[in-house]
Amino acid sequence: MDVRLETAVSLTKPWATETAEPAPYRLDVSLERENLLPVISALFAAEWGYLSAITGVDLGTAVGVVEVLYHFCEGPCIVTLRLRVPYDDAQIDSVCSIIPSASFFERELSEMLGITIVGTPNADRLFLPDDWPLGVYPLRKEYVMQG
Amino acid sequence: MEAVKDILALLVFPGGLFVVFAGMMYEWLDRKLVARLQNRIGPRWFQPIADTVKLLAKEEVLPESVTPFFFVVLPLIALAGALTAVLYTPMVGLEPAYSFPGDLIVTVYMLSLLTLCIGLAGANTRNRFSLVGATRALTQLFAYEAPFLLALFGPAIAAGSWQIGEIAHYAESHWFIFTQPIGFLVALIGLMGKLELPPFDSPEAETEIVAGALTEYSGRGLAIFRIGKGVELVVGLTLIVTFYLGGVANPIVFFVKTIGMLVVMAALQTLLTRLRIDQTVGLWWRYGALLVLLQWAVLIVVQIA
Amino acid sequence: MTLNVTQEWQGVLDKIKNWARINSPWAIHYNSGSCNGCDIEILATLTPRYDVERFGIKLQGSPRHADVLICTGPVTRQSRDRLLRIYEQMPDPKFVIAVGTCAISGGVFQGCYNVIGHIDEVIPVNMYIPGCPPRPEAIIDGVVKLLTSLQAVPESATA
Amino acid sequence: MRIGMMLGDVLRALWQRPVTEKYPFERREAPTRLRGKLRWDPEKCTGCGLCGKECPSNAVEVITIDKKNKRFVMRYHMDRCTYCAQCVQNCRFDCIEMSHEDWELAAANKESFTVFYGKDEELDAFLDAVSASDLAETAVS
Amino acid sequence: MMTVAAPTTQKSEKFIVPIGPQHPALKEPGHFEFAVDGEIVTDATVRLGYVHRGIEKGTESRNWAQNLYLLERICGICSHTHAFAYVLGVEQLAEVEAPPRARAIRMVVAELERVHSHFLWLGVGAHEAGFDTLFMYSWRDRETVMDLLESLTGNRVNYSACVLGGVKFDINGEQTKGILEGLDFLEKRTHHYLNVIQQDALFLQRTRGVGVMTQQQARQLGVVGPTARASGVARDLRIDAPGQHYNDFNVNMILETDGDLAARFVVRIRDLFESYRIIREILSNMPEGDLVVKRMPRKIKAGETISRVEAPRGEAFYYIKSNGSEMPERIKVRTPTLCNMASVLTLTVGQHLADVPMILVGIDPCFSCNDRSVTVTQPSGQREHWTWEQVRRFGIEYYQRQGGQ
C-alpha cells in the first residue's frame with residue numbers, strides 16, 4: 001500500500017465504519033453523516049490532497065438512499081468518503097467552512113439530487129434553469145426523461 | 001457663378017461626395033493593410049461602400065427610452081462637423097476651398113464634434129451599456145484632445161499664422177517632421193486615439209469599432225457615424241501630412257505621403273497591445289502633452305531669438 | 001411613363017441594396033448550449049487561414065449591428081429566452097444560420113432533460129450547416145450558399 | 001522588456017503571400033480520413049442493424065423490405081449524424097464508409113438532409129410503399 | 001421532447017448582450033455575481049447552466065458505446081480527454097486493457113490536443129489583452145496542428161479516436177512524417193511566442209502581477225492543471241498517476257512560481273515543448289500490435305471506478321458506476337474548469353473589480369462563462385446587472401482614475 005494511503009487510513013480511522021481498498025491507489029472510507037466534518041478537518045489539517053469532486057449516486061427508490069461520495073486526490077491516490085443519505089432526511093453538513101471551494105460541488109449536489117446542504121454559503125442554483133420546477137431532481141432515479 | 005462654385009465645393013469637391021468616398025477608401029486601405037500585416041487577405045476594395053449602403057438601407061430601430069430628436073440629429077451634426085472641417089483643409093494637396101484667419105482652430109473644433117456627438121448619442125440612448133461607452137468615449141476625448149491640439153499648433157507657431165493655408169505654404173519649405181518630430185508623433189498617435197483605432201480602442205475588439213456608445217444604433221445612424229469617422233480619418237491625415245510633411249504639393253506626391261502615413265498607422269495598430277485607458281491617459285498627459293509643451297518652449301525661444 | 005421610370009429606379013435601387021446586403025453580412029454569434037466545437041470553428045474562420053473578411057463578414061458584438069445570427073448548439077431551457085431576445089433585437093432584414101448537427105436536430109443531445117430542442121423550434125432558420133462540427137470551409141460554404149440564395153430572391157420577399 | 005516583439009512577423013507578412021485559402025474559389029482536397037457524409041453499399045449488407053444500434057444520435061436506420069432475399073434500404077439523417085464513424089467501426093461487412101469528398105452539406109431546408117440509400121429497385125419499391133404523408137413526417141422529425 | 005411553457009416575463013431588468021466569440025475564452029454563457037464595496041470585490045458567485053444540457057442524466061439512457069460520443073461532446077476543446085477518461089474507466093470495469101499500440105495512439109492524440117488547446121488559449125489570452133496580431137498569428141500556427149489532427153483522425157474537433165477497448169485508426173508512416181514536420185515548425189514558433197509573452201513590454205503590463213495566487217492558496221483551493229503549476233504546485237496527472245495512461249513515457253513537470261497571469265502564460269507555453277518531446281518519443285517508439293481488443297463486452301460488469309486524465313486545463317475526473325447492464329448506472333464528470341472556477345471566485349474577493357476579467361481568462365475557462373452578465377451588489381443591497389463589457393469598462397475607468405491622479 002502506498003504510504004500516502006496509509007496516512008489516509010490512519011487519519012480517517014477514528015471515524016471510519018468501514019474501510020476498503022477497491023483498486024490500487026484507492027481507499028474507500030464509509031462514514032456516518034455526523035462525522036463528515038471531523039474527517040475532512042483531519043484530512044485538511046494534514047494537507048492530505050484536495051477535494052476533487054463530490055459525487056451523488058441515487059441508489060434507487062427501492063432503497064431510498066442517496067450515496068454521497070467525497071473524492072480526495074493526492075498524486076495517484078484517491079480517498080473516497082462514503083456517506084448514505086436517506087430520502088426522508090436528505091440533508092448533509094456543508095464542508096465549505098473548511099474547504100470554501102466545495103461550494104460548487106455542493107450546489108450541484110443539492111439541485112441535482114435534492115439534498116439540503118446545511119450551512120452552505122450559497123444555495124442558489126448552479127446548473128438548472130430558473131424555471132425548473134421545485135422539488136424535481138434530475139439525477140434521482142425516479143426522474144425519468146421523456147423523449 | 002460664385003454660388004455654383006460654393007455648392008460644388010460643399011457637395012462634390014472637396015466636401016461632400018469626394019471626401020465621403022475618400023474616407024471609405026482610406027478605411028478600406030487601413031483594414032486591408034492590417035489584414036495583410038496579419039498575414040490575411042482582408043476585405044475587398046468596395047467593402048466600406050457595401051457596408052455603408054447596407055446600413056443605410058437597413059431598418060432603423062428606435063429604442064425605447066431615447067429622445068428621438070437627438071437620436072436622429074446627433075449623427076447628422078457629427079457628419080456635418082466633419083464635412084465642414086474638410087472645407088478648410090487642403091485636400092489632396094490643393095488649396096483649401098475656404099480660408100480665413102484662425103480657421104485652424106475652427107477645423108480642430110469641428111473634428112472634435114464627432115467624438116462629442118458619439119458620446120452624447122451614447123448618453124442619450126440611456127441603456128447602461130451605452131452610457132458607460134459614452135463616458136469612456138468622452139474621457140478618451142479629454143485624454144488625447146489637448147496633446148493633439150498642441151501638436152497641431154506647433155507648426156502654427158513656427159509659421160506664425162493660425163490659418164491653415166498659410167501654414168501649409170510655410171510648411172512647403174520647412175519639413176516640420178525634422179524640426180518638430182515629437183509634435184509629429186503625438187499628432188499621428190493622437191489621430192489614432194481620436195479614431196479609436198486599435199491600440200487606443202481600449203474596450204473594443206477589432207470586430208466592433210464603435211459598439212460602446214453606438215450599441216443601439218442599427219441602420220442609418222450607424223452608417224452616418226461611420227462615414228463621419230471616415231471623413232475624419234481623411235481630414236486628420238491630410239492635416240498631418242500638410243503640416244509635417246511638406247505642405248501643399250502635387251496631388252500625387254501628396255497622396256503617396258498620405259498612404260505612407262496610413263501604412264505607419266496600420267503597423268502601429270498591429271504591433272501594439274491594446275492600452276488600458278489608464279495607460280492611455282498616462283501616456284498622453286505624462287509624456288505626450290509634456291513633451292509637446294517642451295517643444296513649444298523651445299520653439300518660442302527660437303522664434304524670439 | 002413616369003410610373004415606368006420610377007419603377008425602373010426602384011429596380012436599380014433594389015439591386016444596389018441587395019448587392020450591398022450580400023457583400024456586407026455582419027454577423028453575431030450565439031451559443032445556446034453547444035460544446036464549443038462549432039464556436040471554435042466559427043472563430044477559426046476569422047483567422048488568417050480562412051479569413052472571412054474576404055466576404056465582408058465581420059463579427060459584431062451588438063445584435064443591433066448584425067444581419068446574420070449564427071447559432072450553435074441545441075437550445076437549452078436557460079438560453080432560450082436569450083436567443084429570442086437577440087433575434088428580436090436584430091433589425092430587419094435578418095438571417096439565421098444554424099451551425100452544427102445539434103443546432104439542426106439536437107444531435108447527440110436529443111432527449112437530454114435540459115435541452116428544449118433545436119434552433120428552428122425557437123426562431124426561423126435560413127441556412128443549415130450540418131457537421132459535428134462542420135469544417136471552417138463547410139461553414140464558409142454555408143454562408144456563401146446563403147448569400148447566393150439572397151441574390152436570387154427579389155427584394156420584396158426578403159424584407 | 002521590449003516594445004513591438006511581433007515586428008518581425010508583421011514585416012515578413014508584407015512580403016509573404018497571405019496564408020489565406022481561396023476557398024470557395026479554390027477547393028483544397030480534404031484528407032482521406034475526413035469523416036463526411038455517410039455512404040452505404042447495399043450489396044454487402046446483411047441487415048444485422050448493428051450500425052443503428054450504437055449510433056449515438058439515431059441517424060441511421062436499416063429498413064428491411066425482405067429479410068430472406070437481403071433487400072434493405074437505409075434511411076440516413078444527415079442532420080442528426082454526429083459523424084463519429086461508430087457505424088463504420090461496427091459494420092463487419094464494410095458496407096459503410098464516411099466520404100471525404102462530401103462535406104459541403106449546407107442546405108436551406110431540412111428535407112434534403114434525409115437520404116435514402118439502396119439498390120434502385122428496392123429504393124423504388126420502398127418509396128412507393130411509403131405514402132407521401134409518411135415521408136413528409138419523417139422529413140420533419 | 002419535453003415542452004416547456006414560455007416564461008411570460010423577463011425575470012429582471014438584466015441587460016444582456018451575449019458577446020460572441022470575439023472573446024473566445026468566454027464562449028459559453030455563465031452568470032457571475034460580484035458583490036462590491038466601492039471597488040473591492042467582497043463576494044463572488046457564479047450562475048452557470050446556459051449550456052447545461054443534462055449530459056450526466058443522458059448517459060443513463062444510452063448504451064456504453066453511445067455514451068462515448070455523448071461525453072466526447074461535453075467540450076469541443078478537449079473532446080479527446082473526455083473520451084479518453086471514459087474509455088479508461090469502462091475498460092477498468094470490464095477488466096480489459098487496450099493494446100499497447102492503441103494506448104500509444106491515444107496518447108499522441110491527447111498530446112496533439114493539448115498543443116491545439118494551448119495555442120487556442122494563447123490566442124484567446126492575447127485577444128483579451130487586446131493584442132490581436134498575436135491572436136491571429138497563434139491561430140494561424142494552430143492550423144498546423146489542426147491539419148495534423150484532421151488528417152489523423154478525420155475531424156478537427158471531435159476526434160472520435162477512442163472506441164471501447166482500443167482506437168479507431170492507425171498512424172502510418174506518412175502521417176508520422178507529417179506530424180514530425182509539423183512539430184518542428186510549431187516548436188520554432190513556440191520559441192518565438194515564448195519570447196513575445198516574456199518580453200513584450202505592453203503585453204506584460206496586462207499580465208505581470210495580475211491575479212496572483214500563492215502556492216499556499218493554490219493548494220487550499222484545489223486548483224488543477226496549468227493554473228496550479230503556475231503557482232508552484234506540482235500537480236500533473238501525467239506524472240502523478242502514470243499508471244493510467246503515461247506509464248511508458250516519462251513526462252517532466254513544468255513549474256512556475258510567480259502565480260500571476262504571466263506565469264500561467266509561461267507554464268502553458270513551456271508545456272508545449274514537453275508535449276512536442278513526448279509526441280516525438282512516442283512516435284519513435286511506437287509499439288506494434290492490434291488496435292482494438294478482441295472482445296469488448298456489450299454489458300459491463302457491475303462495479304464502480306474512477307478514472308482521471310490530465311486535460312489541457314487540468315485533471316478531468318470521471319466516476320463510473322455500472323449495474324451490469326448495457327447502460328451505465330451513474331456517470332459523474334468533473335471537468336477541470338469547475339475546480340479552477342472556484343479559485344477565480346475566491347481570488348477575486350478582495351481584488352479590484354478591474355482585474356476580474358483577466359483573472360477569469362487566466363484559468364482558461366472551458367465550459368463556462370460568457371454572455372458575461374455580472375451582477376454587482378452594492379453595499380446598499382441594490383443589485384445591478386452588468387454585462388461583461390461593462391465590467392471591463394468599469395475596470396478601465398477605474399484604472400484611469402488611478403492613473404489620472
Side-chain angles (χ1 to χ4, degrees), chain D residues 1-14 16-21 23 28-39 48-60 80-92 96-103 105 140-141, chain E residues 1 58 62-73 83 126 131-134 136-138 140-141 143-144 147-161 163-164 166-169 172 175 178 189 192-193 195-205 208 291-292 298 326:
Chain D
M1 295 284 268
R2 281 160 55 192
I3 288 180
M5 286 292 294
M6 301 286 286
L7 188 66
D9 300 77
V10 167
L11 288 183
R12 223 170 295 133
L14 266 184
Q16 265 172 6
R17 246 161 46 92
V19 291
T20 312
E21 284 174 11
Y23 187 88
R28 190 174 50 122
E29 206 50 37
T32 41
R33 273 188 189 168
L34 183 86
R35 300 193 301 268
K37 187 176 170 181
L38 181 145
R39 281 191 191 150
C48 64
L50 265 179
C51 42
K53 205 166 182 179
E54 291 193 341
C55 177
S57 48
N58 306 321
V60 288
R80 293 190 203 159
C81 182
T82 56
Y83 306 90
C84 63
Q86 178 67 32
C87 44
V88 181
Q89 186 79 16
N90 276 8
C91 186
R92 302 201 187 132
I96 305 178
E97 59 161 0
M98 315 278 305
S99 152
H100 71 278
E101 280 147 7
D102 288 348
W103 46 266
L105 306 174
V140 170
S141 67
Chain E
M1 200 62 56
R62 284 161 168 77
N63 66 35
W64 292 99
Q66 286 172 330
N67 276 330
L68 177 58
Y69 301 103
L70 179 61
L71 292 168
E72 198 171 49
R73 278 152 188 81
F131 197 178
D132 275 334
T133 308
L134 180 54
M136 287 291 178
Y137 276 94
S138 59
R140 181 197 74 184
D141 297 336
E143 288 296 326
T144 312
D147 279 348
L148 294 178
L149 280 166
E150 192 181 32
S151 65
L152 188 62
T153 69
N155 194 307
R156 287 162 51 97
V157 170
N158 289 315
Y159 313 115
S160 298
V163 285
L164 296 175
V167 289
K168 280 210 185 91
F169 49 77
N172 59 34
Q175 281 158 336
R189 295 297 300 171
H192 175 58
Y193 292 132
N195 279 336
V196 171
I197 58 166
Q198 280 182 324
Q199 286 176 37
D200 193 282
L202 288 172
F203 191 65
L204 279 175
Q205 275 191 314
R208 186 153 285 172
L291 294 178
V292 191
R298 279 186 66 82
E326 281 191 12

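Here the structure is a predicted model, which is why all the values come from computation and not from measurement. Per chain, numbering begins at 1; letters A, B, ... match sequence-line order.
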Close side-chain approach of D:M6 and E:M136, heavy atoms under 4.5 Å: no
Which answer fits E:N195, side chain, backbone, both or neither, if we ask what part of it has an atom under 4.5 Å from a heavy atom of chain D? both
Highest number of heavy-atom pairs under 4.5 Å with chain E among D:M98, D:H100, D:E54, D:Q89 belongs to D:E54
Which distance, rounded to the nearest 0.5 Å, do you find between the CZ of E:R156 and the CZ of D:R35? 13.0 Å
So does D:V88 get a backbone contact from the side chain of E:K168, meaning a donor-acceptor N/O pair under 3.5 Å? no
Chain D contact via E:V196 - side chain, backbone, both or neither, heavy atoms under 4.5 Å: both
Given side chains that start at C-beta, do those of E:E72 and D:T82 come closer than 4.5 Å, heavy atoms only? no
Donor-acceptor contact present, side-chain D:R33 to main-chain E:N155, <3.5 Å: no
Could you pull out the closest heavy-atom pair between D:P56 and E:R62, with the gap in Å? O-NE, 4.3 Å
Could you go through E:E143 and D:E21, starting from their C-alpha distance and side-chain angles, then the distance that decides it, and tell me whether this counts as side chain to side chain contact (heavy atoms under 4.5 Å, CB included)? CA-CA 12 Å; E:E143 288 296 326; D:E21 284 174 11; over 6 Å; no
What part of E:F131 gets within 4.5 angstrom of chain D, counting heavy atoms only: side chain, backbone, both, or neither? side chain
Hey, is CZ on D:R17 packed in by over 12 heavy atoms from elsewhere, all under 6.0 Å? no
Let me know if D:P31 has heavy atoms under 4.5 Å from chain E in its side chain, its backbone, both or neither. side chain
Based on non-hydrogen pairs under 4.5 Å, which of E:L152, E:V292, E:L70 is most in contact with chain D? E:L152
Treating E:Q66 as the side-chain partner and D:C55 as the backbone partner, does any N or O pair qualify as donor plus acceptor under 3.5 Å? yes
Close side-chain approach of D:D9 and E:R189, heavy atoms under 4.5 Å: yes
Side chain, backbone, both or neither: which part of E:Q175 has a non-hydrogen atom closer than 4.5 Å to chain D? side chain
